[in-house]
Every structure is written in structure tokens, then in C-alpha cells.
Amino acid sequence: MPELPEVDAVVRRLREAAEKARVESVVVERAGTVAPQGMEEIGVVAGRRMERVWRRAKYILMEFSGGVYLRVHLRMTGNLYVLPDWRLRPVGARVWWRLSDGRVMIYEDPRALGRVHVVGWEEIEALDRELGPEPLGEEFTVGVLREILRGVKAPVKPVLMDQRRVAGIGNIYASEALWWARIHPGRPAGEVAAGKVKVLHGAIRKVLEHAVGSAYAEYTQPGKMAESESFGVEVYGREGERCSRCGTGVERMVQGGRSTFYCRRCQAW
DNA sequence: AGTCACCTGATT
DNA sequence: AATCAGGTGACT
């Protein structure tokens with residue numbers, strides 16, 4: 001479920017709920033979810049205080065006292081939040097952390113594709129180097145986007161979703177940004193006209209900023225994934241519906257095994 | 001650059 | 001029963 005905006009909402013929620021909280025104990029209900037595997041490793045956070053929580057791309061990073069870090073990736077169905085009592089945990093809870101005040105932080109993930117890794121600072125730095133710029137950060141300029149796309153023959157949509165090139169754009173917002181910029185998703189990235197790159201840059205930021213706002217607003221209920229995608233989404237998941245700009249039917253295609261939605265009239269090749 | 005694997009649940 | 005799912009990494 002989560003792309004950058006939803007992950008960002010999770011992080012802000014955790015900040016409010018659990019930053020500076022002390023972990024009493026850790027329970028792993030599904031061994032494959034944590035790495036390095038086993039209770040011994042993940043157990044190192046027991047007795048430590050969560051000093052800060054932040055986001056890089058779609059990763060959630062937590063620093064605990066004594067220089068221990070957790071790197072969480074929600075993949076498709078993960079979610080992370082605090083509940084008042086451990087007994088309230090849902091069926092899909094894979095890992096949970098009892099806090100010293102009696103509350104509990106839950107990593108829920110029905111499909112169990114996500115991961116919770118115990119890492120050191122070097123691994124956080126390495127991760128940072130492997131990932132492209134944050135699309136909502138100052139460093140993500142029109143010029144930077146132009147450099148990212150320049151000379152690339154691959155279709156522009158999968159390129160936008162490549163986390164090494166730009167960090168945090170997923171399947172929904174890639175489709176949405178291309179619709180706003182009127183660019184065909186299959187167009188070779190390097191062939192997108194300079195003027196359109198500028199529009200695309202603005203569209204990416206606009207779409208993500210809007211989603212960051214609504215994701216947070218709708219994330220107030222722990223345990224519930226946001227319905228943010230149903231609000232302000234123009235093409236994603238709307239095959240057969242009419243394009244709000246020109247009335248033409250929205251089409252679906254598959255790129256790299258993922259659904260892409262677009263308007264063939266607005267987004268001409 | 002494309003395909004599959006990882007998993008489970010919802011929907012057709 | 002079959003297909004689909006908002007992500008990523010490991011293959012070819």
C-alpha cells in the first residue's frame with residue numbers, strides 16, 4: 001500500500017506517539033519478518049529508548065539509545081503504529097514492541113512482505129547513497145530530473161519508480177504525475193521534451209505534496225490504511241472511467257509487470 | 001529490460 | 001479457480 005506519502009504519515013504518527021519512549025521487550029511473531037533473523041538480534045532494542053524516527057524514500061528509520069538502528073520497509077501491506085495495549089494487536093501483527101508505559105508498537109503486515117532490519121549507522125549511510133534524491137527535497141530540481149532522464153532509453157514510468165534514480169515514487173503517483181504532465185508512460189525517458197520535464201517535475205511535487213497532506217489527515221486511525229488514494233486520484237485504478245480533462249476513457253497497460261493507467265488522448269506518444 | 005519470487009487476502 | 005494488489009530484489 002504505502003508510497004512515500006503514506007510512509008511519511010506513518011513516521012509522523014510514530015513521532016507523536018513513540019519518540020522518546022522506552023522499549024521493554026520485543027516479540028517476533030513471524031521470524032522471516034526480521035533480519036538478521038531471530039530474537040537475539042531484534043532483542044537488542046529492549047531496554048533502549050527510541051531517540052528519533054525519520055524517513056528516507058520508503059524506509060522508516062529509527063535510532064535507539066546506544067547507537068542501535070531499525071530499518072523498516074512496509075513493502076505492500078505493512079503498517080507501523082502504537083496501540084494502548086498489546087492485547088489489542090491485530091491478526092496480521094508480525095512484530096511488536098512493548099513500551100515501558102504499557103503501550104505497544106505494532107508492525108502489522110498481512111502479506112508479510114515487509115522487513116524489520118537491525119542495522120548500524122554504516123548501513124543507514126550506505127542506504128542513503130544507494131537511493132536517489134528525495135522528490136520533495138530541495139535537491140530535487142528541474143535540472144536534476146533532466147539529468148536523471150537524459151539519454152535513458154527505458155520507458156519514463158519505470159524510470160520514475162526506480163528508487164536509485166528518484167526515491168519514493170511508486171506505481172500510483174508515477175501514473176498520476178505523468179497524467180498531470182501529459183506524458184505517455186511508455187515514452188523513452190530521454191525523449192521527454194525539455195519543457196515537459198519541467199512540467200513533470202512540478203507534477204511530481206504537486207501530486208506527492210497533496211498526498212502527504214491527505215495521507216496524514218486520514219492516518220489518524222491506527223490499524224487502518226489510509227484511503228488517500230481514493231481522493232484526488234485521476235487515473236490510477238480508473239480503467240474505463242472518463243479522463244477528467246478530455247472525457248476519453250482511461251486505459252490500463254502493463255509495464256514491468258505493473259499496471260499503468262493513462263489517458264491515450266491527453267498523454268499522446 | 002523483462003520475469004519471477006516473496007506472501008496473503010480481496011475480488012472476479 | 002483465477003487474477004489482482006500501492007514494492008523490491010534476484011534472476012535471466
Side-chain angles (χ1 to χ4, degrees), chain A residues 1-10 28-35 37 55-61 71-80 90-95 107-117 119 123 126-128 130-132 135 149 151-179 185-191 204 207-208 210-212 214-216 218-219 223-240 250 252-262:
Chain A
M1 303 183 157
E3 291 194 27
L4 182 154
E6 293 76 23
V7 176
D8 201 70
V10 167
V28 177
E29 295 213 17
R30 186 173 181 121
T33 295
V34 301
Q37 287 205 355
R55 176 189 66 74
R56 173 73 168 102
K58 299 170 197 168
Y59 291 90
I60 297 162
L61 303 166
R71 185 188 73 202
V72 180
H73 199 295
L74 308 175
R75 292 283 184 103
M76 300 280 268
T77 54
N79 201 0
L80 194 56
V91 176
R94 306 303 183 190
V95 184
Y107 176 66
E108 179 190 6
D109 189 355
R111 279 175 78 177
L113 293 172
R115 293 291 180 264
V116 178
H117 284 237
V119 297
E123 287 167 274
L127 178 70
D128 190 61
E130 289 161 15
L131 293 164
L149 302 181
V152 177
K153 290 174 187 159
V156 60
K157 191 227 178 195
V159 168
L160 292 180
M161 291 172 63
D162 181 346
Q163 304 298 298
R164 292 164 305 185
R165 291 168 154 131
V166 196
I169 302 176
N171 206 27
I172 293 181
Y173 302 118
S175 276
E176 292 298 307
L178 289 168
W179 181 85
R187 196 78 201 276
E191 289 179 19
I204 290 168
V207 162
L208 290 179
H210 178 268
V212 162
S214 48
Y216 186 59
E218 296 180 32
Y219 255 108
K224 282 231 168 199
M225 252 354 235
E227 301 295 329
S228 56
E229 69 270 21
S230 63
F231 184 74
V233 170
E234 296 285 347
V235 285
Y236 185 84
R238 297 183 178 261
E239 183 182 17
V250 172
R252 171 182 181 264
M253 66 189 281
V254 175
Q255 295 180 294
R258 317 294 307 281
S259 290
T260 298
F261 299 87
Y262 68 108

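We name chains A, B, ... by the order of the sequence lines, and we start the count at 1 in each one.
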Verdict with reasoning, A/L74 to A/Y107, per side chain to side chain contact (heavy atoms under 4.5 Å, CB included): CA-CA 9 Å; A/L74 308 175; A/Y107 176 66; 3.6 Å; yes
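- Under 4.0 angstrom from either OP1 or OP2 of C/dG7 there lies at least one side-chain N or O belonging to A/R258.
- Following rounding to the nearest Å, A/Y107 (OH) and B/dC7 (C1') show an atom-to-atom distance of 11 Å.
- We find that CZ of A/R187 is positioned 19 Å from C1' of B/dA1, with the value rounded to whole Å.
- When the C1' atom of B/dC6 is taken as reference, atom CG of A/L113 falls 6 Å away, rounded to whole Å.
- Rounded to whole Å, atom C1' of B/dG9 lies 16 Å from atom CG of A/N79.
- A/F261 comes within 4.0 angstrom of no nucleic acid atom, judged by non-hydrogen atoms across all strands.
- Among the nucleotides C/dA5, C/dG7, B/dT8, the one closest to any side-chain atom of A/S259 is C/dA5.
- Within 4.0 Å of A/R30, counting heavy atoms only, lie sugar-phosphate atoms of the nucleic acid but no base atom.
- A straight line from CE of A/M161 to P of C/dA5 spans 11 Å, rounded to a whole angstrom.
- Spacing between atom CD1 of A/I172 and atom P of C/dC4 amounts to 17 Å, rounded to whole angstrom units.
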Intermediate values then yes/no, side chain to side chain contact (heavy atoms under 4.5 Å, CB included), A/N171 and A/K157: CA-CA 8 Å; A/N171 206 27; A/K157 191 227 178 195; 2.3 Å; yes
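- Using a 4.0 Å heavy-atom criterion, one finds that A/A154 contacts the sugar-phosphate atoms exclusively.
- What separates CZ of A/R238 from C1' of C/dC4 is a distance of 18 Å, to the nearest Å.
- Base pairing analysis places C/dA1 opposite B/dT12; the two distances defining the Watson-Crick or G-U wobble pair are each below 3.5 Å.
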Worked check of side chain to side chain contact (heavy atoms under 4.5 Å, CB included) between A/L127 and A/L61: CA-CA 11 Å; A/L127 178 70; A/L61 303 166; 4.3 Å; yes
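- In this structure, A/D109 does not pair ionically with A/R94, as no charged nitrogen and carboxylate oxygen lie closer than 4.0 Å.
- Nucleic acid contact class of A/R252 (heavy atoms, under 4.0 Å, all strands): sugar-phosphate only.
- For A/N171 and C/dC4, the CG to P distance is 14 Å, given to the nearest whole Å.
- Under 4.0 angstrom from either OP1 or OP2 of C/dT8 there lies at least one side-chain N or O belonging to A/Q163.
- A 3.5 Å limit on both hydrogen-bonding distances identifies B/dC6 as the Watson-Crick or G-U partner of C/dG7.
- Counting only heavy atoms from C-beta on, A/Y59 has its side chain closest to C/dT8 among C/dG6, C/dT8, B/dT8.
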CA sep, side-chain torsions, deciding dist, call: A/H117, A/E123, side chain to side chain contact (heavy atoms under 4.5 Å, CB included): CA-CA 10 Å; A/H117 284 237; A/E123 287 167 274; over 6 Å; no
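- Here the separation of B/dA1 from C/dA5, taken at their C1' atoms, is 22 Å to the nearest Å.
- When heavy atoms are screened at a 4.0 angstrom cut-off, A/G257 is found touching no nucleic acid atom at all.
- Ionic pairing of A/D128 and A/R56 is present here: one or more N-O contacts between side-chain nitrogen and carboxylate oxygen are shorter than 4.0 angstrom.
- Distance noted for atom P between B/dC7 and C/dA1: 23 Å (whole Å).
- Comparing the same atom, C1', in C/dG9 and in B/dG9 gives a spacing of 23 Å after rounding to whole Å.
- The phosphate of C/dT8 has OP1 or OP2 within less than 4.0 Å of a side-chain N or O from A/K58.
- Taking only side-chain atoms of A/H73, from C-beta outward, the nucleotide of C/dG6, B/dG9, C/dT8 with the closest atom is C/dT8.
- The side chain of A/R111 approaches B/dT8 more closely than any other nucleotide in the set C/dG9, C/dG7, B/dT8.
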